[in-house]
Engineer: 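Supplied in structure tokens, the structure appears directly below.
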Amino acid sequence: MIDCHVHTRLCRHAAGAPLEYVAAAEAADVSVLAFTDHLPLLDGSETDYAMRWRELPDYVLDVTQLKARAASPEVLLGIEADWTPGKENLLREALSQHPYDVVLGSVHFIDGWAFDDPEWKARYAEWDIDALWMRYFNELAEAARSGLFDVMAHPDLIKKFKFMPSFDVAGLYEAAAEAFADAGVAIEVNTAGLRKPCEELYPSQAFLTACRRHGVRASVGSDAHEPDEVGLGLSFAYDALLAAGYDAVVVFRGRKPFELDIR
Ligand code: ZN
Ligand code: FE
Ligand code: FE
Ligand code: ZN
């Protein structure tokens, strides 16, 4: 199995050193492990959401050294980058500075609000939830179409705290799947949702099936924030992929897609 989304202590809200993640992956029978720590925020603000700009070279060096090991798992250098509308050029420039294997694109902010941070959960009360879902899915499609990312991470993160819309979301899934297909980005099946209030994978089965129908490739990740979480829930992710009709997952090496059979 592959785990192409893990964090380390560098991003300040996760624990564990890269080598501990590699050991955990080995124990969990993970054959491909992509480190995807959070890229520092583009506005330079120093939060607990990401590493600092001055720490990024060390992160790259640490993971690059682990990539050189001959043993399993295969290690990949990735990064998780926030979609920040209007800052596409800055982000493109930042991403060009290191030889990433894979770039995950994440919508974590809407108008600067970290809607997935439990600390800011009360802010849902200020929103019409239907409008919020439409807004989120617009941002997601725009992010996909920016061409900056290889994989759209936890693609329906907006469901995290279970503030669900009143309308049928099939149309939103359809539009997102279309955007992913047009842009050639993959969707991520992320098991962290199983450990959150929504208690299900990101994305929902219907969203994943829509992506499959549109020929969108799929990646898989635990979004581990501690070594013990590496590989967690992956069997559920693979079951969901098979049920959606997938027969392969994708890994990116040097930002080029390679498909691995899952049957
Ligand atoms: Zn994180
Ligand atoms: Fe994320
Ligand atoms: Fe993450
Ligand atoms: Zn994440």
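Both ligands and their constituent atoms are indexed starting at 1 by order of listing. No hydrogens, no waters, no symmetry mates; every other heavy atom, side chains included, goes into these values.
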Engineer: Would you please indicate yes or no on a ring centroid separation below 6.0 angstrom for Phe109 and Tyr136?
Structural biologist: no

Engineer: Within His7, is some N, O or S atom less than 2.8 Å away from the Fe ion (ligand 3)?
Structural biologist: yes

Engineer: Is Phe236 atom CZ crowded by more than 12 heavy atoms from other residues, nucleotides or ligands, each under 6.0 Å away?
Structural biologist: no

Engineer: Rounded to the nearest 10°, what angle sits at the Zn ion (ligand 1) between NE2 of His13 and NE2 of His38?
Structural biologist: 100°

Engineer: Is there a donor in the side chain of Asn89 and an acceptor in the side chain of Arg92, or the other way round, less than 3.5 Å apart?
Structural biologist: yes

Engineer: Can you tell me, to 10 degrees, how wide the angle at the Fe ion (ligand 3) is between OD1 on Asp223 and OE1 on Glu80?
Structural biologist: 170°

Engineer: Quick one: sort the Phe149 and Trp83 rings into parallel, tilted or perpendicular, breaks at 30° and 60°.
Structural biologist: perpendicular

Engineer: Counting backbone and side chain alike, does His38 bring an N/O/S atom below 2.8 Å of the Fe ion (ligand 2)?
Structural biologist: no

Engineer: I'd like to know if the Fe ion (ligand 3) has an N/O/S atom from His5 within less than 2.8 Å of it, counting both backbone and side-chain atoms.
Structural biologist: yes

Engineer: Given the side-chain rings of Phe115 and Phe163, with only the six-membered ring counted for Trp, is the space between their centroids under 6.0 Å?
Structural biologist: no

Engineer: What do you get for the angle at the Fe ion (ligand 2) between NE2 on His108 and NE2 on His154, to the nearest 10 degrees?
Structural biologist: 100°

Engineer: Quick check: are there more than 12 heavy atoms from other residues, nucleotides or ligands sitting under 6.0 Å from CH2 of Trp120?
Structural biologist: no

Engineer: Looking at the Zn ion (ligand 1), is one of the N, O or S atoms of His225 less than 2.8 Å from it?
Structural biologist: yes

